[in-house]
Every structure is written in structure tokens, then in C-alpha cells.
Amino acid sequence: PAVLINASGFYTTAGSYATWSQNDPTYIPVGTIPCVSGQKFFLASQDKKAIYQSVSGRCTDFMVNRDSNGDKGGAANTMQIAVDFNDITALIPTQDSGIMACTLYATYFVFPDTNAKLFGEYRYRSEMAFPVGCVNHKSVVDLVGDTAFITQSGIQSFNVASQLKRESNNFPLGAKIQRYLANPQFDTAAVNFDDYALFSMNTTFGRAVVIYDTIREQFVSIDTGFGTVKKFAVYRAGGSVRLFFSNTDDQLFEAYAAEEYAILRILLGDYSAQDASAMHAVDKLYASFTNIRGEVPVEVSIYSDNRL
């Protein structure tokens, strides 16, 4: 059976289909990619081919098939929702207890049919939202009303409210930095931290974290100092917000915790003089800073042709 862990670290086991009864319907099937939307809890099946759902308002009570006496007549897989023959990679909550179900190649909108019920619960229908999907469930972030996720070829975003009304489709959020992104993407991760969205991706500079400013609505940097991030986690307690991440060696680090600062590099293109016999080199730099968050000393040095 599934294991339930509370905030204090204590755990207990949830019921199984074998222990399910009308008096004690606690039952969580074995699954992956948990997602809570509205009053329902969703899980992808172990083989990632279908979606299980809980009873509304009871996340530890998954729907089972019922016979005429109300007793169990089939486990959660008899009430499953299927969207595609490809593996499910992510479940994203939407409005009205709905979810977006992603595979590597497509995204589907799964929504309740308010005109049809089964065992007191609305039936769920699915339809394709757009022909692009998310790499994994760890690669989804919020962008001030929009939802962004990493695909095999870059970063896409969509607006749930507009999508429901069919006013818009997905938007290639990463189009401006596409030249710096490798294809295909794999083992990606994403997180919201402060006013930024961080995307751990494969780039032309190697493994890096691409940083998007959600206030200014633009990409602001590519940070190669993280290494290969397997998963992000944001810790919020006592008025402090801290960002942790783990790498492929299962080592845990805290980001932005050191007092030292990494050296920022700005790579400019080559400049050629009109006269081929003349030398042309950058010898002055004028810097302008906006949206400053605090007092930080800045030292600027110019490297040209590998010389300071």
C-alpha cells in the first residue's frame, strides 16, 4: 500500500484495494506523478499509460468500480482515464478540477463532463490541446497567469483560461533563446523562486540553468554554475525562502547561499574594421544597471583576444 507522510515526518500506510470496504474506503493505488486539482487527487498508473482519480474531497479514497450493493467490483484501473498510447510525462492542474496530461509529443485537456455522472462523480473526457508535450513533471512553472514547461525542443507556455475558451494555443516562450538550446532536451527540471523561473536544460554551453524574469517577462541569464540539476525544491518557513537542488550524483546543494559571487561574462561578437590592415578592438565599456535589488560592488574588466 501507499505510504502517507505528515509534516512532522511520521508516516502511516494507506489502504489497498484488498482492504477497501464501504465502512473504510481508504485506498490509494500504486502510481506516479501525483497531482491535486480542485477537490480531486490524480495519479498516473505505474506504466504511465492511464490516470487514476480519487473521490471528490477525499484524496485518500480512490474511485473503484461498484456493484449493485455498493461493494467493490473493480480496482482503480477499472475507472482509469486514458489519453494517449505514449507514456504520460506530466499532470498539470487546471480550473474546474481539470488537468493537462502531457506526453513527450502532445498535451491533452482532461475535464469533467457535468452532464454525465458515474457512482456520484462526474465522468472525465479528454481532447488534444496542442501537439507538444512536457519532458517530465518536474519541468513546469507558473508565469503570472501562464504556465510554462520544458519540451524536447525548448520552452513553451500557455494560458489555461484562454485555452479553455479556445482563444489561444501554446506559445513558444523560448523562441528568443532557441539558438542556445540543445535538441532534444532530457532530464530537465524547473522551479519558481523569488520573481524568477529557473529552467535546468541542455544548452550549447553545456548543462545550465536558464533564468526568466517573470516581472520583466524576459530571459535574463544562462547560469552554468549549477551543473546538472535533477530536481529543485523551495523551502519556505519563518519568513525565509531558500532554494535547494540535487544533481545526478544525488548531492544536495543550496543555491545563492554563498557570500562570494560568480564572475559574470558578457560575450560580444567580433568587430572588423573597414580597412583590412587596421586593428579594431574594444577598449571601453559603458554599463547601465536597472531594477537594482541591493547594494553590490561591481568591477568591470575587458578581455579581448584572450588578453586583459
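Values reported hereafter were calculated over all heavy atoms of this structure, with side chains retained and with hydrogens, waters and symmetry mates removed. By convention here, the first residue in the shown sequence is residue 1. Please read these numbers as outputs of a predicted model, since none were measured by experiment.
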* Structure fact -> Residues Ala197 and Asn192: closest non-hydrogen pair is CB-ND2, 4.2 Å

* Asked: Is Tyr256 atom OH crowded by more than 12 heavy atoms from other residues, nucleotides or ligands, each under 6.0 Å away?
  -> yes

* Applying salt bridge (charged side-chain N to carboxylate O under 4.0 Å, His left out), run through Asp113 and Arg125 and close with a yes or a no. => CA-CA 6 Å; Asp113 184 352; Arg125 298 193 295 117; 3.6 Å; yes

* Asked: Transitive ILVMFWY cluster of Tyr286 at side-chain heavy atoms under 4.5 Å: who else is in it?
  -> none

* Could you tell me the separation between the NZ atom of Lys72 and the OH atom of Tyr27, rounded to the nearest 0.5 Å? => 9.5 Å

* **Any side-chain heavy-atom pair of Val234 and Val191 under 4.5 Å** => yes

* Asked: So with a 6.0 Å cut-off around OH of Tyr180, is the heavy-atom count from everything else above 12?
  -> no

* To do: Could you pull out the closest heavy-atom pair between Pro25 and Asp61, with the gap in Å?
  => O-OD1, 3.0 Å

* Got a donor-acceptor contact below 3.5 angstrom from the Thr94 side chain to the Met100 backbone? -> no

* May I have the step-by-step check of side chain to side chain contact (heavy atoms under 4.5 Å, CB included) for Leu143 and Leu173, ending in yes or no? => CA-CA 11 Å; Leu143 299 180; Leu173 182 71; 3.3 Å; yes

* Do the non-hydrogen side-chain atoms of Phe199 and Val141 ever get within less than 4.5 Å of each other? -> yes

* **Distance-only polar pair, side chains of Gln152 and Asn183, donor-acceptor under 3.5 Å** => no

* Would you please say whether a donor-acceptor pair under 3.5 Å links the side chains of Asn23 and Ser21? => no

* Of all the heavy-atom pairs spanning Ser200 and Phe232, show the shortest one and how long it is. => CB-CE1, 4.0 Å

* Closest non-hydrogen atom pair, Ala101 against Ile51 -> CB-CD1, 3.9 Å

* Asked: CG/Leu181 to CD1/Ile222 distance, rounded to the nearest 0.5 angstrom?
  -> 7.0 Å

* Roughly how far, to the nearest 0.5 Å, is CD1 of Ile88 from CG of Asp47? -> 8.5 Å

* **Any side-chain heavy-atom pair of Ser126 and Val110 under 4.5 Å** => yes

* **Within 6.0 Å of CZ in Phe253, more than 12 heavy atoms from elsewhere** => yes

* Ser54 side chain to Lys40 main-chain N or O, any donor-acceptor pair under 3.5 Å? -> no

* **Contact check, side chains of Thr214 and Asp142, non-hydrogen atoms, under 4.5 Å** => no

* Taking atom types as modelled and ignoring hydrogens, do the side chains of Thr204 and Arg179 form a donor-acceptor contact shorter than 3.5 angstrom? -> no

* Asked: Using the benzene-type ring in the case of Trp, are the ring centres of Tyr124 and Phe42 under 6.0 Å apart?
  -> yes

* Asked: Which distance, rounded to the nearest 0.5 Å, do you find between the CD1 of Ile92 and the SG of Cys102?
  -> 4.0 Å

* Asked: Among side-chain atoms of Ser97 and Gln39, is any donor-acceptor pair under 3.5 angstrom?
  -> no

* To do: Calculate, to the nearest 0.5 Å, the distance between atoms CZ and CD1 belonging to Phe219 and Ile177 respectively.
  => 4.0 Å

* Rounded to the nearest 0.5 Å, how far does CG of Asn6 lie from OH of Tyr11? -> 12.0 Å

* Which atom pair, heavy atoms only, marks the closest approach of Thr107 to Val132? -> OG1-O, 2.6 Å

* Check: Val55 and Glu121 side chains under 4.5 Å, non-hydrogen atoms -> yes

* Is Ser301 close to Leu308 at the side-chain level, that is, under 4.5 Å between some pair of heavy atoms? -> yes

* Check whether any side-chain heavy atom of Phe245 lies under 4.5 Å from a side-chain heavy atom of Leu198, and answer yes or no. => no

* To do: Under the salt bridge (charged side-chain N to carboxylate O under 4.0 Å, His left out) rule, what do Lys230 and Asp250 come out as? Steps first, then yes or no, please.
  => CA-CA 8 Å; Lys230 187 168 65 174; Asp250 291 327; 2.2 Å; yes

* To do: Indicate yes or no for a side-chain donor-acceptor contact from Thr89 to the backbone of Cys134 under 3.5 Å, with no hydrogens or angles considered.
  => yes

* For the pair Thr103 (side chain) and Asn86 (backbone), establish whether a donor and an acceptor sit closer than 3.5 Å, ignoring hydrogens and angles. => no

* Could you tell me whether Glu217 atom CD has more than 12 heavy atoms of other residues or ligands within 6.0 Å of it? => no

* Taking the side chain as C-beta and beyond, is there a heavy-atom pair between Lys49 and Phe85 under 4.5 Å? -> no

* Would you please classify the geometry between the Phe62 ring and the Phe41 ring as parallel, tilted or perpendicular, with 30° and 60° separating the classes? => perpendicular

